[in-house]
Number of protein chains: 2
Amino acid sequence: MSTGTQGGSISEARARLLDTATRIFYAEGIHSVGVDRIIAEAQVTRATLYRHFKGKEELILSYLQQADHGIRGQVAAIRAQGLPAADTVRAVSRSIADGIQSPGFRGCAFLNAAAEYPDPAHPVHQAVLAHRQWFLDTATQLLGAADCAPADAAGRHFVMLRDGAMAAGCLFDPTLIRETFLGGVEGILRTGTAPVPEPDAPATPPA
Amino acid sequence: MSTGTQGGSISEARARLLDTATRIFYAEGIHSVGVDRIIAEAQVTRATLYRHFKGKEELILSYLQQADHGIRGQVAAIRAQGLPAADTVRAVSRSIADGIQSPGFRGCAFLNAAAEYPDPAHPVHQAVLAHRQWFLDTATQLLGAADCAPADAAGRHFVMLRDGAMAAGCLFDPTLIRETFLGGVEGILRTGTAPVPEPDAPATPPA
DNA sequence: GGAGGGAGGGAGAACGTTCGGTCTCGTCGT
DNA sequence: ACGACGAGACCGAACGTTCTCCCTCCCTCC
């Protein structure tokens, strides 16, 4: 089993293809890179790509699916440590903040993909929505377990802060983003969330 | 002082071109729409486009510049009302929240553009950075005037919340996003910002 | 007042490149 | 022999860009 290519296991060329696509799509965007570029850097031929994927779109979907699995695994690993709920939230937040500070950081793969695929009916957009729904549910559950006010509102607040941190992480100083994000998370954990009862009255949009 | 061009108003075809580009770029992204599409919907010919813009890139830059002017004007109009500082922050926030709830909302034009142009050296990316720097400075100034803790941290917190709201505004229920965002802003105004003394824990980046 | 000219614009052909995708054929390990 | 892969030709379409030709305003000069 030295050379690894096994009959039943997954193709080694396919893995190279997906890894290369992941790296390039994340670093440079999706629309702006062509399949020629991917097959060249993956050192496979065009035929091999279309042997494993129906087309570029399926490659994109696989890229997002791989990212989704990675993030879910990361969160699951943290939850498996069995920390107190608030500390689990902190650990997840630190994991996010570490990602933002890491060298190749280029924002949230899903937010970036959504920016390139605004059509809600598009499979790529739907993959983004699915991932985000899972993350919101997870955050809400975690914050609820940490005795945060209305868990729904706390979860939404947490996700909003994370989205902002991920979006700005490659546009500002990552160190300050980290600081701001972790500070905001502590605020959520401390106060539950803003106990604003939502007056729902203003109705005078100045514009 | 003869202008060389016809007196008074600038080319009407150019305005149609820029308006069309703005609408389509914002709604569908930049890389995924070609100049053919834009000239068709603007009802001009290819030659007219290249008479007014050096190329697609200059059109993109003009699109972002127009958006930048629009937002700066909106903020300036609010500041000109001479409200108390905290209420000015609230008014700006409400303006942002209203935008998120408006029908054609598709996120922040600048965040979307940055997702498509990750290269920091690219003119489009730099236009995004310039706009964001102005916005951070403005937010910091406003929150400082509203007696918020360290104004820098409050400004960063505000911008992070705004970024999250803008990013998620077209991926979740805009009503809940509005509620969460305005609630978060109230939290910033109330507590200044998270008075976390920054423990500076070395931690152990797990991956 | 009339002629000229320059600029803005419409219409469309054409350029070379790149796109995503399909195809055939040769090769190699099992 | 079979399946996976490499090498590469090939396709139609779309890309951004440049080009020529002609029309129509409006300003200016005679």
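The basis for the numbers below is simple: all heavy atoms, side chains too, and nothing from hydrogens, waters or symmetry mates. Quick note on labels: first sequence line is chain A, next is B, and so on, each numbered from 1. Everything quoted here is computed from the prediction, not taken from an experiment.
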A/Gln43 atom CD, neighbour heavy-atom count above 12 within 6.0 Å = no
Any N or O donor-acceptor pair linking the side chain of B/Arg46 to the base of D/dG16 at under 3.5 Å?
-> no
For salt bridge (Lys or Arg N to Asp or Glu O under 4.0 Å), just list the numbers for B/Asp68 and B/Arg72, CA-CA rounded to whole Å, side-chain angles, deciding distance to a tenth of an Å, and then say yes or no.
-> CA-CA 6 Å; B/Asp68 178 69; B/Arg72 291 192 193 225; 2.9 Å; yes
Between CG of A/Leu49 and P of C/dC23 the distance, given in whole Å, is 15 Å
Answer yes or no: is there an ion pair linking B/Arg90 with B/Asp87, defined by an N-O contact shorter than 4.0 Å?
-> yes
Respond yes when some side-chain nitrogen or oxygen of B/Tyr50 is under 4.0 Å from OP1 or OP2 of D/dT17, and no when none is.
-> yes
Using a cut-off of strictly less than 4.0 Å, decide whether B/Thr48 has a side-chain nitrogen or oxygen near OP1 or OP2 of C/dG9.
-> no
Interatomic distance, A/Glu58 CD vs C/dG20 C1' [rounded to whole Å] = 14 Å
5' precedence on DNA chain D between A/Gln43 and B/Gly55 (nearest-nucleotide basis) = A/Gln43
Starting at CG of B/Leu17 and ending at C1' of C/dG10, how long is that distance when rounded to a whole Å?
-> 13 Å
Nearest to side-chain heavy atoms of A/Ala47, which nucleotide of D/dA7, C/dG9, C/dC19 | D/dA7
A/Arg106 and A/Glu28 ion-paired at < 4.0 Å | no
Rounded to the nearest Å, what distance is computed from the CD1 atom of residue A/Ile24 to the C1' atom of nucleotide C/dC19?
-> 16 Å
Test: B/Asp98 and B/Arg94 ion pair at under 4.0 Å | no
Proximal nucleotide (of D/dG6, C/dG9, D/dC19) relative to the A/Arg51 side chain | D/dG6
Starting at CZ of B/Arg14 and ending at C1' of C/dG8, how long is that distance when rounded to a whole Å?
-> 14 Å
Nearest-Å distance, CD1 (A/Ile39) to P (D/dG8)?
-> 12 Å
Considering just the side-chain nitrogens and oxygens of A/Ser11, establish if one lies under 4.0 Å of OP1 or OP2 belonging to D/dC5.
-> yes
Measure from the side chain of A/His52, starting at C-beta and using heavy atoms only, and say which of D/dC5, D/dA7, C/dG10 lies closest.
-> D/dC5
Of all the nucleotides listed (D/dT17, C/dG20, C/dG10), which has the minimum atom distance to the side chain of B/Val35?
-> D/dT17
In whole angstroms, the gap separating P of D/dG16 from CG of B/Asp36 amounts to 7 Å
Nearest-Å distance for atom pair CD/C1', residues A/Glu12 and D/dG3 | 16 Å
Who does D/dC30 pair with, Watson-Crick or G-U, both distances under 3.5 Å?
-> C/dG1
Using a 4.0 Å heavy-atom cut-off across all strands, classify A/His31 as base, sugar-phosphate, or nothing.
-> nothing
